[in-house]
Amino acid sequence: MESGYNPDSERALVVVANRLPVEYDEETGWRPAPGGLVTAMESVLRDREALWIGWSGRFEDSESDGVIPPPPSGSGGMVLDEVPLTRAEVEGYYEGCSNGAIWPLYHDAIVAPIYHRTQFQTYRRVNEKFARRVAEVAPREALVWVHDYQLQLVPRMLRQLRPDLRIGFFLHIPFPPVELFSQLPWRRQVLEGLLGSDLVGFQTKEAALNFLRLVQRFIALRPGGDRVVVDELSGSRTVRVEAFPIGIRAEDFASLAAEGETAERANQIRADLGKPDLILLGVDRLDYTKGIDVRIRAVTELFEDGELDPESTVFVQVATPSRENVEEYQRIRDDVELLVSRANGDLGKLGVTPIHYLHQPMARDELTAMYVAADVMLVTPLRDGMNLVCKEYVACRVNEDGGLVLSEFTGAANQMSDAFLVNPYDIDGVKRSIMDAANASREESQRRMSALRHGVFEQDVERWAVDFLGRLERST
Ligand code: ADQ
């Protein structure tokens with residue numbers, strides 16, 4: 001397992017995440033699992049020897065277990081190490097506690113979080129499994145980078161097992177204010193879990209501030225600026241708390257967008273849609289936080305009001321299937337599909353479909369061609385840690401045209417003030433901004449897009465990872 005891994009070359013890096021960057025498929029065997037985190041981490045892992053610890057997506061107690069080989073090595077010098085989980089563990093820890101309680105709570109309780117004590121017990125047990133595995137395999141004094149809301153207890157558990165490690169934690173989703181977080185029956189355990197880190201990173205300054213306020217309130221530790229001093233038997237220890245807004249591999253998107261084949265495909269997409277004058281686009285994981293229903297309602301009303309003409313405007317919504325075992329996700333799918341079919345039933349004609357809806361994942365080059373084809377991108381989450389889709393769209397607008405309608409409640413809005421910013425709860429406001437984006441002059445679009453592109457290229461994912469790891473390395 002550890003071939004190619006040389007812990008002596010520098011302070012070794014260990015990435016700990018719920019999922020490994022590969023998944024097992026009965027027919028094809030192991031294949032890359034290109035999720036957001038994998039793409040984000042690729043650039044820092046490419047030139048560095050590292051260990052990635054996570055779950056592979058297969059169940060330890062599945063029938064075919066035993067004949068499946070261990071996961072292969074990742075790209076570059078990366079070694080993959082699997083934390084085996086049973087079906088019951090995944091149900092309690094991932095589908096239950098992580099996605100039924102923590103995810104909705106951290107996203108403004110858009111849907112009611114469901115707190116089950118037994119699920120939290122499983123969450124703690126699985127966090128312990130992860131911590132123990134890291135403690136077993138991490139080289140001495142390694143940098144350990146723990147990711148996201150599924151693993152919030154790991155830092156403290158790991159520190160108790162391996163005090164020599166330098167531990168960083170990054171939360172990809174929002175961190176809620178005191179009034180909301182206080183609901184969590186396990187609030188103290190979660191805060192103490194995170195305080196086991198040397199560095200806790202959030203997407204935004206607001207999230208970092210929320211955390212610091214909560215630590216003061218429930219752990220009775222007074223933060224000094226962006227740090228908290230924790231007293232332990234072995235002496236006092238400083239935990240740094242900062243914002244590290246994540247970015248994308250902007251250059252990769254831009255160069256793919258600039259290829260002749262992509263332009264050809266974008267033209268073909270426009271032709272397939274009946275050569276409309278205006279293409280509106282939404283691309284999301286199918287999740288109730290993403291405000292997919294908001295934009296369908298807004299666009300439908302614009303068609304009904306006669307402000308948009310279904311003969312010359314098309315709205316395309318691409319929604320990747322997501323967390324299909326969780327009840328709320330089945331419900332949002334039904335809601336979205338009802339809204340789309342109602343709008344098309346009321347507004348369409350033979351040969352005219354105002355809303356095109358694709359419930360499927362899309363290959364990277366096809367997605368890029370969609371971004372190139374779209375005149376206006378609609379990104380309207382009710383709450384989102386960052387949102388990468390808006391950044392991908394901007395990176396693909398190599399001609400500095402197109403308009404971005406962006407929710408104020410995304411982390412990205414803090415960095416993208418040149419978008420058409422909207423409050424997704426204000427449907428009239430969303431409608432106005434869609435029309436403003438669609439009718440903007442060439443000069444205005446260019447001014448906005450050029451400023452947006454500057455930010456997306458400057459604060460790309462490489463900078464995010466280098467900033468985080470640099471800070472972790474320097475933290476003492
Ligand atoms: P997500 O909630 O998954 O990420 P987002 O940041 O938008 O949301 O990333 C989604 C990724 O999936 C993008 O790279 C996008 O291109 C891709 N994608 C979406 N639909 C797709 C489709 N149909 N086919 C193929 N690819 C598709 C979480 C947080 C975010 C945070 C990221 C990174 O919720 O707030 O920005 O982590 O930290």
Side-chain angles (χ1 to χ4, degrees), residues 15 17-19 32-43 98-99 102-108 110 145-150 169-176 201-204 206-207 243-250 252-253 256-257 281-292 316-323 326 329 332-333 336 356-372 374 377-396 404 406-407 409-416 456 459-461 463-465 468:
V15 175
N18 173 48
R19 290 299 292 266
L37 180 59
V38 186
T39 324
M41 297 301 294
E42 234 169 58
S43 48
S98 299
N99 288 329
I102 297 168
W103 175 273
L105 178 68
Y106 285 23
H107 287 88
D108 289 359
I110 295 165
W145 190 353
V146 183
H147 289 264
D148 230 359
Y149 61 104
Q150 304 92 350
F169 179 92
F170 184 78
L171 186 71
H172 289 258
I173 69 174
F175 197 75
F202 295 95
Q203 300 276 25
T204 64
E206 292 71 36
F244 298 89
I246 196 168
I248 59 162
R249 288 166 72 171
D252 289 5
F253 275 97
L256 187 54
L281 176 66
V283 172
D284 311 77
R285 245 181 345 90
L286 184 47
D287 194 298
Y288 52 79
T289 60
K290 301 289 182 186
I292 300 173
V316 181
Q317 174 65 53
V318 187
T320 323
S322 177
R323 305 178 189 168
V326 181
Y329 287 77
I332 181 68
R333 180 173 178 192
V336 163
H356 286 244
Y357 167 74
L358 303 172
H359 180 247
Q360 49 201 252
M362 201 168 256
R364 180 51 49 104
D365 44 358
E366 181 71 358
L367 194 58
T368 304
M370 295 287 310
Y371 289 142
V372 171
M377 186 80 206
L378 305 180
V379 181
T380 54
L382 301 172
R383 184 58 73 190
D384 211 335
M386 177 54 60
N387 192 283
L388 298 181
V389 166
C390 56
K391 296 188 173 186
E392 292 168 2
Y393 176 69
V394 163
C396 289
L404 171 65
L406 178 63
S407 162
F409 303 140
T410 58
N414 293 333
Q415 303 169 295
M416 301 178 93
V456 166
Q459 300 192 301
D460 67 358
V461 71
R463 167 141 172 220
W464 168 74
F468 187 94

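Note that ligands are numbered from 1 as they come in the structure, with each ligand's atoms numbered from 1 the same way.
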Met386, any N or O under 3.5 Å of ligand 1 N or O: yes
Parallel, tilted or perpendicular: ring planes of His147 versus Trp464, cut at 30 and 60 degrees: tilted
Any side-chain heavy-atom pair of Val283 and Tyr371 under 4.5 Å: yes
Geometric N/O contact Leu388 with ligand 1, under 3.5 angstrom: yes
Under 3.5 Å: N/O of Met362 near N/O of ligand 1: yes
Numbering as shown, the atoms of ligand 1 that approach Leu367 to under 4.0 Å (heavy-atom distance): 16 (O), 26 (N)
Trace of the side chain to side chain contact (heavy atoms under 4.5 Å, CB included) decision for Tyr329 with Asp287: CA-CA 6 Å; Tyr329 287 77; Asp287 194 298; 2.8 Å; yes
Proximal candidate to atom 27 (C) of ligand 1 [heavy atom criterion; set Ile248, Thr320, Asp148]: Thr320
Tyr106-Phe175 aromatic ring centre distance below 6.0 Å: yes
Numbering as shown, the atoms of ligand 1 that approach Gln360 to under 4.0 Å (heavy-atom distance): 23 (N)
Proximity to ligand 1 by part of Asp287, non-hydrogen separation under 4.0 Å: neither
Side chain to side chain donor-acceptor pair (under 3.5 Å) partners for His356, two or more places apart: none
Ligand 1 N/O within reach of Trp103 N/O, cut-off under 3.5 Å: no
Closest contact, heavy atoms only, Arg463 versus Asp460: N-OD1, 3.0 Å
For Gly385, atoms of ligand 1 separated by under 4.0 Å from a heavy atom: 35 (O)
Ligand 1 N/O within reach of Val283 N/O, cut-off under 3.5 Å: no
Side chain, backbone, both or neither: the part of Lys290 lying under 4.0 Å from ligand 1 by heavy atom: side chain
Parallel, tilted or perpendicular: ring planes of Phe468 versus Phe244, cut at 30 and 60 degrees: perpendicular
Val318 contact mode with ligand 1 (heavy-atom cut-off under 4.0 Å): side chain
Side-chain heavy atoms of Cys396 within contact of Val394, under 4.5 Å: no
Region of Ile246 engaging ligand 1 - heavy atom pairs below 4.0 Å: side chain
Exercise: do Asn99 and Gln150 side chains pair donor with acceptor under 3.5 Å: no
Ring geometry between Trp103 and His107 (parallel below 30°, tilted from 30 to 60°, perpendicular above 60°): tilted
Ligand 1 to Gln203 polar contact by distance, N or O atoms, under 3.5 Å: yes
Where ligand 1 meets Val389 - atom numbers and elements under 4.0 angstrom, heavy-atom basis: 7 (O), 15 (C)
Test of proximity, Glu392 against ligand 1: N or O pairs below 3.5 Å: yes
Heavy-atom check, side chain of Lys391 versus side chain of Gln459, under 4.5 Å: no
Atom indices of ligand 1 within 4.0 angstrom of Arg285 heavy atoms, with elements: 1 (P), 2 (O), 3 (O)
